[in-house]
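Everything below concerns the one structure shown next.
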There are 2 protein chains.
Amino acid sequence: MDDIDKKIVKELQNNARASLKNIAETAYLSSPAVSARIEKLEREKIITGYHAAVDSRKLGYHITAFVSLDVSSADKIRFYEDMESIPNVLECNCVTGEYSMLVKVAFPSTMELDLFIGQLQKYGKTSTQIVFSTPVGPRDMDVMAEIGEKE
Amino acid sequence: MDDIDKKIVKELQNNARASLKNIAETAYLSSPAVSARIEKLEREKIITGYHAAVDSRKLGYHITAFVSLDVSSADKIRFYEDMESIPNVLECNCVTGEYSMLVKVAFPSTMELDLFIGQLQKYGKTSTQIVFSTPVGPRDMDVMAEIGEKE
DNA sequence: TATTTTTTTATCGATGTCGTCCATTATTTC
DNA sequence: GAAATAATGGACGACATCGATAAAAAAATA
C-alpha cells in the first residue's frame, strides 16, 4: 500500500466506474500496471467492493433512523440473523454504552418504522432517533492521510 | 423508474464496475439502452455516485465510533462546516432526541478519538459509543422492494 | 373509440476506444 | 550481482459509443 495505491483507491472512491486509462493518467502509470494493482488491492481485501450510491428519498425511503437497543448476549446470534434478513437494516453495530446495539434503518414512512421497532421490543428496550437531515456524508474514508502502524 | 431501471440499479449496487454488456445481459436489453438508462438515472440524481468500499482497519482506522452531541441552533452552521472539514467524520446526522447530532467517525486509535471529542466539547455535551463490531452492513438499500408513493 | 401524430425508447451495425495479454525491460530487494 | 517483483509497449479482442432506423408508447385530434 504505497502512495500510488492510495491514489488509485482515492480515485475509485470518487468514481468507482472510472476507466483504467483515466486512473492510469492520474496515477502516472500504464493501464496494465493499474489493473494489476487494483487486482492486488481486491485480493488483499483492502478494496471490498464497488457500490452505486442511490438517493433513498427518490426510492421512497423517506424515513431514516438510528435505533438503539439492549440485546442480551444470549439473544445476539438470533438478533443478527434477524437484522441480516431485514433489508431495511442498513447497518447494525455492536457498541459500548447503555444500549448494546445501534442499528441504522430506512423505511418509507414512520408507520413502517414503528412496526419494525415493535418487532424489536422482544429483544429489549429501545430508543429511536429519527434523522432530520444529513449535512455531511455518508462519505469515504481518507486514504491519503498519514497514519502510523497500518494493519 | 420501472423494473428494468431497478434491475440496473441493483446490479450497480452489487458491482459498480460491471460492464454495460454484463448489465445488459442481466436486464435483457442492449448495451446502448442500458447506457441511456444509466445516464438518465444519473441525471435524475437517483444514482448519486459510484464508490469503492475499503476496509477501514486495513487503512489504519481501528476505531469507529458514534458521537452524540447537543448543538444549539445558533452554532449549527459553524458546526457543519467544522464536520465537513474533518475527514474522519464519515457521517453527520441531525436527529431527534436528547442529543441533536449523531456523528459517525473513524480514527486510528482511541487517542485521536479522544482529541476529536475534546474539540467538540465547545459545542455542548457529548456522549460516545465505540463500535465493537458491525455484524450487518453497511449495505445498500433494497431497490426492488415494492413501495407506494415514490418521490 | 379509432386514428393519427408525436414522443419516447429500443435495436443494429460501424467506428473508435479501452482493457488484457504477452514479451521485454526496468527497478527493487536480498 | 542474482532473483523477484513491477512497469512498459505493442497486438489482439472486447467493449462502449454513435448515428440511423424502427418499434412501441403516449398524446392529441377527429
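Just so it is clear: chains get the letters A, B, ... in the order the sequence lines come, proteins before strands, and each one is counted from 1. Keep in mind that what you see is a predicted model, and the values were worked out from it rather than measured.
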What nucleotide among C:dA10, D:dA7, C:dC21 has an atom nearest to a side-chain atom of A:A33?
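Nearest to the side chain of A:A33 among the choices is D:dA7.
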
Gap between atoms [atom1] and [atom2], on [X] and [N] respectively (whole Å):
| X | N | atom1 | atom2 | value |
| --- | --- | --- | --- | --- |
| A:I4 | D:dA6 | CD1 | P | 11 Å |
| A:R37 | D:dA6 | CZ | P | 8 Å |
| B:L29 | C:dA10 | CG | C1' | 7 Å |
| A:E39 | D:dA6 | CD | P | 13 Å |
| B:I8 | C:dT9 | CD1 | P | 12 Å |
| B:I38 | C:dA10 | CD1 | C1' | 15 Å |

So does A:K40 get a side-chain nitrogen or oxygen closer than 4.0 Å to the phosphate oxygens (OP1/OP2) of D:dA6?
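Indeed, a polar side-chain atom of A:K40 lies that close.
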
So, the side chain of B:R17 versus the backbone of A:A16: is there a donor-acceptor pair under 3.5 Å, distance only?
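Between the backbone of A:A16 and the side chain of B:R17 there is a qualifying donor-acceptor contact (under 3.5 Å).
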
Backbone N/O of A:A106 and side chain of A:N88: donor-acceptor pair under 3.5 Å
yes

Nearest 0.5 Å please: distance from the CD1 atom of A:I47 over to the CG atom of A:D5.
8.5 Å

Quick one: CG on A:D142 to CD on A:Q13, what's the gap to the nearest 0.5 Å?
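Here the interatomic distance stands at 8.0 Å.
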
Check the side chains of A:D55 and B:T48 for a donor-acceptor pair under 3.5 angstrom, ignoring hydrogens and angles.
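The answer is no; no qualifying pair exists.
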
Hey, are A:E112 and A:Y61 close enough side-chain-wise for a donor-acceptor pair under 3.5 Å?
no

Walk me through whether A:K21 and A:E25 qualify under salt bridge (Lys or Arg N to Asp or Glu O under 4.0 Å).
CA-CA 6 Å; A:K21 190 172 174 276; A:E25 280 166 14; 3.4 Å; yes

Pair A:F116 + A:F107: ring centers closer than 6.0 Å:
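A:F116 vs A:F107: aromatic centres under 6.0 Å.
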
Using the C1' atoms of the five pairs at each end, what is the angle between the end axes of the helix from C:dT1-D:dA30 to C:dC30-D:dG1, to 10°?
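Its terminal axes enclose an angle near 50°.
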
Which comes earlier along DNA chain C counting from the 5' end, the contact point of A:S35 or that of B:V34, where each point is its nearest nucleotide?
B:V34

Nearest-nucleotide wise, let me know which of B:N22 and A:A36 is further upstream toward the 5' end of DNA chain D.
A:A36

Over 60° means perpendicular and under 30° means parallel, so classify the ring planes of A:F79 and A:Y123, tilted if in between.
perpendicular

Quick check on contacts: within residues 12-21 of chain A, what sits under 4.0 Å from DNA chain C by heavy-atom distance?
A:S19, A:L20, A:K21

